Every structure is written in C-alpha cells, then in structure tokens.
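Written out below as structure tokens is the structure these notes cover.
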Amino acid sequence: MVENPKQLNTEALAYMGDAVFEQYIREKLLSGGLVRVKNIHKEATKYVKASAQAKAIKTMMAVGTGREPVPELSEDEQRLVKRARNHRFSSKAKNADPVTYKWATAFEALVGYLFLAGENKRLAQIMERAVEITDG
C-alpha cells in the first residue's frame, strides 16, 4: 500500500487503476461462467475500452445530463477526476479521441487512487457502478 496516494500524479494513479479495473472485470467474467479466453477477452473489452470508462465517469459526475447535475462522487473524488482529466499525458490514445481518452484516464485514476488508499468498499461500488452504466 502506498503511504499517501494523494501525492501521486494522476498518470501513476491511472496506470494502477487500469490494472485494477482490468483484473476486476476478468474475475467478474470468470465467476460468471466464461472460461474461453477468446470469449473473456471479447466481453472484457466492452467494459475496459476508453469509451465505456468515459461514459461511466461522466455519468457518475453527472456531465452532459441536461438537467441539474447530481454527481454520484464525493467532492474529493470529483476533484481527483477533474485533476486527472486536465492532466497533460505523455501517452496517446490508440483507439479513442483525445477527449474520450482523458475521461477514461480520469476514471482509471479514481480507481487507482481508491485501490492504493485501501478504500476497498468504495472501490467496489465505483467498479460495480461502471459495469451497470456500461450494461445500460
């Protein structure tokens, strides 16, 4: 466990969050009965691609709702997401436009932060909610 994950840059948090969310999705699919790697990979991609992660975090932030936003995230979580979204990244998206990539990276940074902070209950809530949003 990292002593103070708030001090890590958002790119490092996103790096960890990417791995944590990928593992969560793989475990979820395996426990749901998928056992063929080809099928697991195809289904996992639905959740871990940038557009799905961007949609999830934007929904949780109540962005683009056209109504009075009621974010699902705490003020601290919102600040982290905004900081991560606005960070200038050294890497570029392979399969997403820059705006979608920034939102997806912000989602991953939140997941990474919650994991490294040991906030396992909140981490589970965020990841479960992301799956719900992706499933529609």
Side-chain angles (χ1 to χ4, degrees):
M1 187 143 341
V2 173
E3 191 170 310
N4 191 352
K6 284 185 179 182
Q7 293 181 340
L8 290 175
N9 71 52
T10 54
E11 205 165 3
L13 293 173
Y15 178 76
M16 178 56 77
D18 177 55
V20 170
F21 190 60
E22 178 84 32
Q23 180 181 356
Y24 169 80
I25 293 299
R26 289 180 181 194
E27 286 179 14
K28 183 171 186 59
L29 295 174
L30 283 170
S31 67
L34 285 178
V35 292
R36 295 191 59 188
V37 173
K38 181 179 175 184
N39 295 344
I40 295 169
H41 178 72
K42 183 178 177 183
E43 190 66 16
T45 302
K46 178 173 121 178
Y47 299 98
V48 300
K49 65 184 176 181
S51 60
Q53 292 177 344
K55 178 183 177 186
I57 197 66
K58 287 169 79 174
T59 300
M60 288 183 231
M61 291 279 290
V63 172
T65 60
R67 59 181 181 0
E68 184 65 32
V70 181
E72 300 176 37
L73 304 178
S74 71
E75 288 185 21
D76 285 344
E77 292 167 344
Q78 290 177 57
R79 274 193 291 278
L80 174 66
V81 167
K82 288 175 184 176
R83 185 169 59 102
R85 185 194 65 206
N86 294 330
H87 180 79
R88 181 165 275 188
F89 294 97
S90 59
S91 58
K92 295 192 180 216
K94 295 177 200 160
N95 299 312
D97 65 87
V99 173
T100 300
Y101 182 71
K102 283 182 170 251
W103 277 107
T105 303
F107 170 78
E108 291 173 344
L110 177 60
V111 169
Y113 170 76
L114 293 171
F115 175 78
L116 293 171
E119 295 186 29
N120 297 329
K121 184 177 179 182
R122 183 62 176 150
L123 173 63
Q125 291 171 339
I126 294 293
M127 292 191 300
E128 288 169 18
R129 181 69 177 121
V131 168
E132 288 173 9
I133 292 165
T134 300
D135 285 342

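Because the structure is predicted, anything quoted here is derived from the model rather than measured. Side chains are part of it too, since the values below use all heavy atoms of this structure and drop only hydrogens, waters and symmetry mates.
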Handout entry: Nearest heavy-atom neighbours spanning F21 and V111
Key = N-CG1, 4.2 Å
Practice task
Among residues two or more places apart or on two chains, list those pairs meeting salt bridge (charged side-chain N to carboxylate O under 4.0 Å, His left out) that have a residue in residues 122-136.
Solution key: K46-D135, E72-R129, E77-R122, R129-E132
Completion exercise
Residue pairs passing the side-chain hydrogen bond (donor to acceptor under 3.5 Å, both in side chains) test with at least one member in residues 22-33, sequence neighbours excluded, are E22-R26, Q23-E27
Problem - Test side chain to side chain contact (heavy atoms under 4.5 Å, CB included) applied to L13 and T105, L110, L80, the passing residue - result: L80
Fill in the blank from the handout: In this structure, CZ of R79 is separated from CG of L73 (nearest 0.5 Å) by 12.0 Å
Problem - Sub-4.5 Å side-chain heavy-atom contact between K55 and T134 - result: no
Exercise for the section: Kindly compute the distance separating OG1 (T10) from OH (Y113), expressed to the nearest 0.5 Å. Expected result: 14.0 Å
Completion exercise
Here the gap from F107 atom CZ to R85 atom CZ, rounded to the nearest 0.5 Å, amounts to 16.0 Å
Completion exercise
Note: A50 and A104 closest approach over all heavy atoms is O-CB, 3.5 Å
Exercise for the section: Check whether more than 12 heavy atoms from other residues, nucleotides or ligands sit under 6.0 Å from atom CE of M16, and answer yes or no. Expected result: no
Exercise for the section: For residues I25 and Y47, report the shortest heavy-atom separation together with the two atoms involved. Expected result: CD1-CB, 3.7 Å
Handout entry: Spatial distance of atom CD1 (I57) from atom CD (Q78) [nearest 0.5 Å]
Key = 9.5 Å
Problem - Main-chain N/O of D18 paired to E108 side chain as donor or acceptor, under 3.5 Å - result: no
Problem - Heavy-atom closest contact (I133 atom, M60 atom, distance) - result: CD1-CG, 4.1 Å
Exercise for the section: Taking all non-hydrogen atoms of both residues into account, name the closest pair between A106 and A84 and its distance. Expected result: CA-CB, 3.7 Å
Exercise for the section: Answer yes if Y15 and V81 sit in the same cluster of Ile, Leu, Val, Met, Phe, Trp and Tyr residues linked by side chain heavy atoms under 4.5 Å apart, and no otherwise. Expected result: no
Problem - Atom pair CD1 (I40) and NZ (K38), whose distance is rounded to the nearest 0.5 Å - result: 13.0 Å
Problem - Nearest atoms (heavy-atom pairs only) where L29 meets E43 - result: CD2-CG, 3.5 Å
Exercise for the section: Kindly write out the residues that satisfy side chain to side chain donor-acceptor pair (under 3.5 Å) with N4, not counting sequence neighbours, or none if the list is empty. Expected result: none
Practice task
May I ask you to test the M127-L123 pair for a side-chain heavy-atom distance under 4.5 Å?
Solution key: yes
